[in-house]
Amino acid sequence: MPIFRRGPLWSFLLVPLMIAACASPPPSAMRSNVRQLLALQKSRLDVAITVARSKWNSGAPIDDPVREGIILDDVAQRARNLGLDEQWTRRFFQDQFDAGKLVQRDLHRQWRQEQRPPFANPPDLGREVRPVLDRLTPELLAMLTQLQGRQCDPSVTRALHELTPRILGEAYPAPVQNKAIEALRCD
């Protein structure tokens with residue numbers, strides 16, 4: 001006997017499952033979202049190299065907790081407006097700061113060993129670097145809206161596991177990769 005002829009109980013059980021299946025993005029869409037998010041994260045990490053050069057020349061400290069706090073407060077407000085979980089969003093962006101600082105510290109350590117002189121034409125953080133980061137922030141937030149609450153979806157965890165080394169791994173070592181995706185992990 002076909003399943004649909006077994007009575008109203010089967011229909012009652014099947015309808016919610018069919019609705020849930022239609023409401024969830026297909027695995028390929030989630031993989032694409034993870035790919036886009038990782039590409040944006042890589043772009044942000046690439047900016048950390050420019051920041052490292054600027055701070056190398058100026059002698060400015062790598063850590064800037066005041067500026068980070070301002071950005072995190074702004075991100076939390078934007079998250080609230082987008083319906084994102086504020087704490088998760090703050091943690092994600094803090095992870096991006098921390099991953100960028102790992103990149104900067106590694107570069108500064110290398111440059112100290114090389115006794116590297118200052119760079120010619122260092123970038124201006126205010127005029128050249130921050131606008132790039134300011135452009136990336138809403139793009140990252142938009143991708144987080146696609147993934148919020150789905151971090152434990154098997155297609156997301158699989159895509160994160162497979163794509164992180166491909167997208168971030170060519171340029172950044174495992175500790176940087178792990179820090180960048182920490183808030184996205186389903187643990």
Side-chain angles (χ1 to χ4, degrees), residues 24-57 60-64 67-68 71-72 75 79 84-85 87-114 116 119 122-123 125 128-187:
S24 298
S28 62
M30 293 310 294
R31 185 176 181 83
S32 176
N33 290 339
V34 171
R35 178 180 287 122
Q36 289 176 43
L37 180 62
L38 289 168
L40 289 168
Q41 289 176 277
K42 183 183 180 309
S43 294
R44 197 174 198 298
L45 285 169
D46 292 347
V47 173
I49 296 167
T50 306
V51 171
R53 287 183 183 139
S54 178
K55 289 182 177 183
W56 178 257
N57 278 26
I62 290 172
D63 290 295
D64 190 350
R67 176 132 177 89
E68 286 178 24
I71 294 168
L72 289 173
V75 162
L84 284 166
D85 179 273
Q87 290 305 108
W88 177 66
T89 305
R90 286 179 78 97
R91 193 170 79 240
F92 172 83
F93 276 88
Q94 183 64 60
D95 290 346
Q96 304 323 294
F97 297 157
D98 293 344
K101 289 187 281 188
L102 287 173
V103 170
Q104 292 177 54
R105 285 189 183 102
D106 284 347
L107 288 170
H108 279 217
R109 186 175 17 259
Q110 176 186 335
W111 296 337
R112 274 191 302 277
Q113 289 173 349
E114 296 170 355
R116 172 102 176 73
F119 289 92
L125 287 180
E128 298 171 54
V129 177
R130 288 188 185 131
V132 174
L133 295 173
D134 291 344
R135 178 187 55 78
L136 287 169
T137 297
E139 293 177 27
L140 286 162
L141 287 166
M143 292 314 304
L144 290 179
T145 62
Q146 300 297 314
L147 294 175
Q148 178 178 250
R150 294 186 176 106
Q151 300 91 303
C152 295
D153 182 284
S155 64
V156 173
T157 55
R158 188 173 34 258
L160 199 59
H161 177 74
E162 292 171 4
L163 296 174
T164 298
R166 289 185 204 165
I167 295 172
L168 300 180
E170 291 182 18
Y172 300 103
V176 174
Q177 295 174 47
N178 290 333
K179 180 46 81 177
I181 65 167
E182 193 169 292
L184 300 172
R185 286 203 170 104
C186 181
D187 295 330

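Numbering starts at 1 and runs along the sequence shown.
Contact check for L84 versus F92: no side-chain heavy atoms found under the 4.5 Å cut-off.
When the side chain to side chain donor-acceptor pair (under 3.5 Å) test is applied to R135, the partners found at least two apart in sequence or on another chain are E139. Applying the salt bridge (charged side-chain N to carboxylate O under 4.0 Å, His left out) criterion to R35, with sequence neighbours excluded, gives no partner residue. R91 is linked by a side-chain contact (heavy atoms from CB on, under 4.5 Å) to W88, D95, A183, counting only residues two or more places apart in sequence or in another chain. For R109, the side chain to side chain donor-acceptor pair (under 3.5 Å) partners two or more places apart in sequence, or in a different chain, are D106.
When every heavy atom of L38 is checked against every heavy atom of L160, the shortest pair comes out as CD2-CD1, 4.3 Å. Pairing each heavy atom of C186 with each of T157, the nearest pair is CB-CG2, 4.0 Å. Scanning all heavy atoms of the two residues, the minimum distance from Q96 to Q41 falls at OE1-NE2, 3.0 Å.
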- Query: Given the rule in the side chain to side chain contact (heavy atoms under 4.5 Å, CB included) test, do L140 and V75 qualify, once you have shown the distances and angles that lead to the verdict?
  - Reply: CA-CA 10 Å; L140 286 162; V75 162; over 6 Å; no
- Would you sort out whether R31 and L163 count as a side chain to side chain contact (heavy atoms under 4.5 Å, CB included), showing the intermediate values? CA-CA 9 Å; R31 185 176 181 83; L163 296 174; 3.6 Å; yes
- Determine, stepwise, if the pair F97 / I71 fulfils side chain to side chain contact (heavy atoms under 4.5 Å, CB included). CA-CA 10 Å; F97 297 157; I71 294 168; 3.5 Å; yes
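The pair K101-D64 fails the salt-bridge criterion, with no side-chain N (NZ, NE, NH1 or NH2) lying under 4.0 Å from an Asp/Glu carboxylate O.
A donor-acceptor pair under 3.5 Å is absent between the side-chain atoms of S32 and the main chain of S28, judged by distance alone. Counting only distance, with no hydrogens or angles, the side chain of Q151 and the backbone of G149 share a donor-acceptor pair below 3.5 Å. In terms of modelled atom types and a separation under 3.5 Å, the side chain of R90 and the main chain of L72 share a donor-acceptor contact.
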Show the atom names and distances, to 0.1 Å, of all donor-acceptor pairs under 3.5 Å that link a side chain in residues 48-55 to residues at least two apart or in another chain.
residue : atom : partner : partner atom : Å
S54     : OG   : P123    : O            : 3.3
K55     : NZ   : P61     : O            : 3.4
K55     : NZ   : I62     : O            : 2.9

Side-chain donor-acceptor pairs of residues 170-180 under 3.5 Å, sequence neighbours excluded:
residue : atom : partner : partner atom : Å
Y172    : OH   : L45     : O            : 3.3
Y172    : OH   : D46     : N            : 3.2
Y172    : OH   : D46     : OD1          : 2.5
Q177    : NE2  : Y172    : O            : 2.8
N178    : OD1  : R185    : NH2          : 2.8
N178    : ND2  : A174    : O            : 3.2
K179    : NZ   : E182    : OE1          : 3.2
K179    : NZ   : E182    : OE2          : 3.4

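Atom CG of residue N33 and atom CE of residue M143 lie 4.0 Å apart, to the nearest 0.5 angstrom. To the nearest 0.5 Å, the span separating CD on Q94 from OG1 on T89 amounts to 13.0 Å. Note that CD of Q36 is 10.0 Å distant from CD1 of I167, once rounded to the nearest 0.5 Å.
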